[in-house]
Asker: 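Handing you a structure now.
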Amino acid sequence: MEYMAGQYEVAVIGGGHAGVEAALAAARLGAKTILFTLSLDQIANMPCNPSIGGTAKGHLVREIDALGGQMAKAADAVFLQSRMLNRGKGPAVHSLRVQADRVRYHCYLKSVLERQPGLTVKQGEIVDIRTDDTGAVCQVVTAMGAVYGVRAAIVATGTYLGGKIFVGEFSQESGPDGSHPAKALTQALLRLGLSLRRFKTGTPARVSRSSIDFSRLEVQEGDEPVVPFSFQTRGPLQNRAVCHIAYTNSATHEVIRRNLHRSPLYGGEIVGVGPRYCPSIEDKVVRFADKERHQVFVEPMGADTEEMYLQGLSSSLPEEVQVAMYRTIQGLEQVEIMRTAYAIEYDCVDPLQLSPTLECKTVPGLYGAGQFNGTSGYEEAAAQGLVAGINAARQVQGKEPVVLERSGSYIGTLIDDLVTKGCMDPYRMMTSRSEYRLLLRQDNADTRLTPLGREIGLVDDSRWETFCRQQEEKTRELARLRGLTLSPSPALNGMLEAKGTAPLQTGIRAAELLKRPQIAYGDLAPFDPGRPPLDPHAAEQVEIEIKYEGYIKKQEAQVQQLRRMEAVRLPEGLDYRQVRGLRLEAAEKLAKIRPVSLGQASRISGVSPADLSVLVIYLEQRRKTNHD
């Protein structure tokens with residue numbers, strides 16, 4: 001028996017990392033919002049790995065924070081260990097990664113949701129999404145028959161939608177960690193005309209800390225001082241744990257090879273497509289047969305638990321094979337499994353059906369976010385959730401949508417890749433996916449995106465004042481260094497020679513000296529008595545902007561060229577089959593994806609430069625005809 005249970009503006013379906021950001025963004029922008037989760041105890045769960053950030057993923061977390069999202073603050077509040085990855089490379093690929101306390105992360109974000117004005121958090125399974133006579137979303141329905149009127153719905157179902165787990169010959173319908181799966185919603189989405197497919201991911205076993213011989217493992221310390229994820233975090237942060245590194249060996253690989261026939265991945269039971277860039281250990285052994293060993297990162301699940309996570313050993317092999325495999329590894333000879341590794345299949349949408357706002361092209365008011373859109377990873381999910389929440393709220397308020405530029409953020413790159421190119425396997429963000437890596441650094445995410453967060457309404461007055469002050473400090477310091485001349489002196493030349501660079505013969509601008517790769521901003525402090533006190537974050541940006549000035553200017557010129565193409569809008573109802581000179585393949589691809597601009601059209605596989613020229617000529621002729 002159905003009954004009317006309430007009226008809201010935005011419904012968020014799923015309480016994972018995408019759902020959390022979507023619900024908070026929509027509510028903070030003034031939309032009356034309700035978040036549905038299968039279990040309140042699974043909100044912001046970390047079923048895959050207990051960490052936030054990593055290569056390129058750390059960029060996403062910083063961008064979420066710059067726009068006014070929550071993930072970075074949560075990571076800072078509950079981290080156990082923090083490391084800045086890729087320090088041996090250039091600043092474009094520096095990425096923060098923290099080991100998080102899994103239970104405390106869940107509790108922190110559950111509390112934030114519960115205390116957010118304008119947001120209702122509800123345990124319940126959504127089994128139907130209904131539309132009105134115009135085809136727009138108007139209601140969501142729970143398994144218990146509660147009907148909620150809504151004007152927008154965000155599907156953020158993670159790996160719960162049609163979830164099925166595999167461990168060797170064993171399988172059962174399940175969400176992650178043995179939780180309840182969402183089954184009925186798949187049929188509702190199919191009735192709405194969405195094209196769904198099956199993807200797969202996996203997780204390693206959790207093992208008992210007391211069964212590990214840490215003396216035989218490599219120690220991996222955290223970085224000191226700790227760099228916070230959020231631009232708002234102040235005060236010293238302390239690492240609370242160490243991690244360790246182990247290695248597989250020939251015996252490990254032999255156990256796997258002998259049992260490949262028992263893996264559902266190779267036996268054909270798993271039909272979902274797995275992540276290319278995060279393969280199971282079975283995949284690694286088969287695909288990289290020449291490798292003698294693979295790294296295993298032994299990481300704590302929390303400060304108050306004995307569970308340890310074995311990153312790099314995700315598997316769907318039978319439980320007894322997993323035990324045998326793990327015990328071939330030095331330091332894990334007596335290891336005891338607490339949670340068995342498993343693979344999980346789930347339903348997700350073809351993201352080519354979504355617009356750059358993450359709204360479904362054929363069902364107004366229906367948005368997708370996270371793994372439902374074909375991505376992998378908490379960070380990718382949270383980024384999409386933030387954008388979907390912003391746009392759902394703006395839609396019900398009658399405001400223009402927000403579309404993040406590919407040239408301005410990794411979030412924009414992520415969404416543009418999904419809705420323009422699609423994905424054939426779970427999409428993972430990598431720095432190589434962006435053409436503008438030197439501009440889209442993790443250190444300048446606030447410079448790039450906080451003004452937009454302010455304009456949207458997610459950055460409050462206090463944060464805005466701090467941001468503006470830091471930007472002013474940075475601008476003044478850049479101008480001062482470019483105007484300051486340093487004269488040769490025995491002390492200065494001694495420092496330069498000790499750093500492996502040539503001594504000065506004449507005076508030199510401080511900015512020019514700082515461009516030398518051997519010299520850091522801090523090295524010049526003893527010879528710069530007029531230096532003002534500078535926030536460490538601003539000082540980092542000053543150094544990077546000076547050192548890479550030439551490269552940055554080249555990328556900025558490329559961005560301007562891209563923006564000119566993005567500014568050429570394509571008519572919504574354009575019949576590409578009627579555009580003379582356009583190849584059939586290009587017309588079909590353009591009709592399917594419906595790009596909003598010439599720039600987006602240029603990134604569609606199957607659309608050539610010649611096709612773009614045809615479109616430019618057609619648009620010019622159309623403009624002249626309409627003008628006449």
Side-chain angles (χ1 to χ4, degrees), residues 18 21 56-57 59-60 62-64 66-67 69 92 277 348-361 367-377 379-391 400-441 445 448-449 452 456 555-556 558-570 572 586 589-609 611-612 615:
E21 295 291 349
K57 293 171 178 283
H59 290 65
L60 291 174
R62 279 283 179 87
E63 290 182 355
I64 291 166
L67 286 167
Y277 299 104
C348 56
V349 74
D350 180 349
L352 293 178
Q353 297 167 93
L354 306 176
S355 74
T357 65
L358 295 181
E359 184 179 21
C360 181
K361 296 173 184 175
Y367 294 78
Q371 285 178 280
F372 176 72
N373 289 355
T375 58
S376 68
E379 302 81 6
E380 290 89 341
Q384 294 168 76
L386 179 63
V387 172
I390 289 169
N391 282 318
E400 287 294 311
V402 170
V403 175
L404 296 180
E405 294 182 342
R406 182 182 187 90
S407 58
S409 65
Y410 273 89
I411 299 177
T413 303
L414 161 66
I415 294 174
D416 184 65
D417 278 351
L418 290 174
V419 304
T420 303
K421 303 174 183 177
C423 55
M424 300 306 295
D425 51 71
Y427 179 103
R428 177 181 180 176
M429 176 49 67
M430 298 179 290
T431 54
S432 59
R433 293 193 187 275
S434 174
E435 306 91 326
Y436 311 107
R437 291 189 293 279
L438 197 50
L439 297 180
L440 308 185
R441 307 183 310 274
R448 293 183 280 114
L449 295 173
L452 176 59
I456 292 168
Q555 286 212 336
E556 285 174 342
Q558 294 171 351
V559 168
Q560 291 306 315
Q561 184 178 3
L562 172 66
R563 285 179 175 158
R564 286 193 288 271
M565 293 186 70
E566 297 293 346
V568 180
R569 313 304 286 180
L570 294 172
E572 276 190 32
K589 292 286 184 68
L590 290 164
K592 179 181 179 181
I593 296 173
R594 309 300 309 178
V596 298
S597 68
L598 194 65
Q600 187 183 1
S602 72
R603 295 187 292 276
I604 296 174
S605 174
V607 177
S608 69
D611 296 319
L612 295 175
L615 278 177

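Owing to the predicted nature of the structure, the values given are computational and were not obtained by experimental measurement.
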Asker: Please report the interatomic distance CD(Glu566) to OG(Ser597), rounded to the nearest 0.5 Å.
Answerer: 4.0 Å
Asker: What salt bridge (Lys or Arg N to Asp or Glu O under 4.0 Å) pairs are there with at least one residue in residues 425-440, not counting sequence neighbours?
Answerer: Arg276-Asp425, Arg406-Glu435
Asker: Looking just at side-chain N and O atoms, do Gln384 and Thr375 make a donor-acceptor pair shorter than 3.5 Å?
Answerer: yes
Asker: Among residues at least two apart in sequence or on other chains, which ones pass side chain to side chain contact (heavy atoms under 4.5 Å, CB included) with Gln561?
Answerer: Arg564
Asker: Test of understanding: with side chain to side chain contact (heavy atoms under 4.5 Å, CB included), list the residues that count as partners of Gln353, not counting sequence neighbours.
Answerer: Leu194, Ser195, Val349, Asp350
Asker: Under a 4.5 Å cut-off applied to non-hydrogen side-chain atoms, are Val387 and Tyr367 in contact?
Answerer: no
Asker: Quick one: list whatever passes side chain to side chain contact (heavy atoms under 4.5 Å, CB included) with Arg563, sequence neighbours left out.
Answerer: Glu405, Ser407, Val559, Gln560
Asker: Is any side-chain heavy atom of Val403 closer than 4.5 Å to one of Ile415?
Answerer: no
Asker: Quick one: CE on Met430 to CG on Leu414, what's the gap to the nearest 0.5 Å?
Answerer: 11.5 Å
Asker: Return the minimal non-hydrogen interatomic distance between Pro595 and Leu590, and the atom names on each side.
Answerer: CD-O, 3.5 Å
Asker: Using modelled atom types and a 3.5 Å cut-off, is there a donor and acceptor pairing between side-chain atoms of Asn391 and backbone atoms of Pro401?
Answerer: no
Asker: Check Phe372 against Gly368 and note the closest heavy-atom contact, atom names and distance.
Answerer: CD2-CA, 3.9 Å
Asker: For the atom pair OG (Ser605) and NZ (Lys589), what is the distance rounded to the nearest 0.5 Å?
Answerer: 4.5 Å
Asker: Side chains of Val419 and Asn373, heavy atoms from C-beta outward: is any pair under 4.5 Å?
Answerer: no
Asker: Could I get the full list of side-chain hydrogen bond (donor to acceptor under 3.5 Å, both in side chains) partners for Thr357, not counting sequence neighbours?
Answerer: Ser355
Asker: Do the side chains of Ser409 and Leu449 get nearer than 4.5 Å, heavy atoms only?
Answerer: yes
Asker: Taking Glu380 for its side chain and Met429 for its backbone only, find out whether a donor-acceptor pair lies under 3.5 Å.
Answerer: yes
Asker: Atom CG in Leu404, atom CD1 in Ile411: separation rounded to 0.5 Å?
Answerer: 6.0 Å
Asker: So, do Leu570 and Val596 sit near enough that their side-chain heavy atoms are less than 4.5 Å apart?
Answerer: no
Asker: Sequence neighbours excluded, which residues qualify as side chain to side chain contact (heavy atoms under 4.5 Å, CB included) partners of Met565?
Answerer: Leu598, Ser602, Leu612
Asker: Report yes or no: do Gln600 and Asp416 form a side-chain donor-acceptor pair below 3.5 Å?
Answerer: no
Asker: What residues, two or more places apart in sequence or in another chain, satisfy salt bridge (charged side-chain N to carboxylate O under 4.0 Å, His left out) together with Glu379?
Answerer: Lys57
Asker: Using a 3.5 Å distance criterion without hydrogens, assess whether the side chain of Arg594 forms a donor-acceptor pair with backbone atoms of Glu572.
Answerer: yes
Asker: Sequence neighbours left out, what passes salt bridge (charged side-chain N to carboxylate O under 4.0 Å, His left out) with Lys421? Give chain and number order.
Answerer: Asp417
Asker: Any non-hydrogen side-chain atom of Glu359 less than 4.5 Å from a side-chain atom of Leu354?
Answerer: no
Asker: Keeping Lys361 on the side-chain end and Leu352 on the backbone end, is there a donor-acceptor pair under 3.5 Å?
Answerer: yes
Asker: In chain order, what residues pass the side-chain hydrogen bond (donor to acceptor under 3.5 Å, both in side chains) check against Thr431, with sequence neighbours excluded?
Answerer: none
Asker: What closest approach, in Å, do Gly374 and Cys423 show between heavy atoms, and which atom pair accounts for it?
Answerer: O-SG, 3.6 Å
Asker: List in chain and number order the residues that pass salt bridge (charged side-chain N to carboxylate O under 4.0 Å, His left out) with Arg448, two or more places apart in sequence or in another chain; answer none if no residue qualifies.
Answerer: Glu63
Asker: Listed by chain and number, what are the ring-ring contact (aromatic ring centres under 6.0 Å, His included) partners of Tyr410, not counting sequence neighbours?
Answerer: His59
Asker: Nearest heavy-atom pair of Pro351 and Gly422: which atoms, and what distance?
Answerer: CG-CA, 4.2 Å
Asker: Please name all residues satisfying salt bridge (charged side-chain N to carboxylate O under 4.0 Å, His left out) with Arg441, sequence neighbours left out, ordered by chain then number.
Answerer: Asp443
Asker: Quick check for you: to the nearest 0.5 Å, what is the distance between Ile456 atom CD1 and Ile390 atom CD1?
Answerer: 4.0 Å
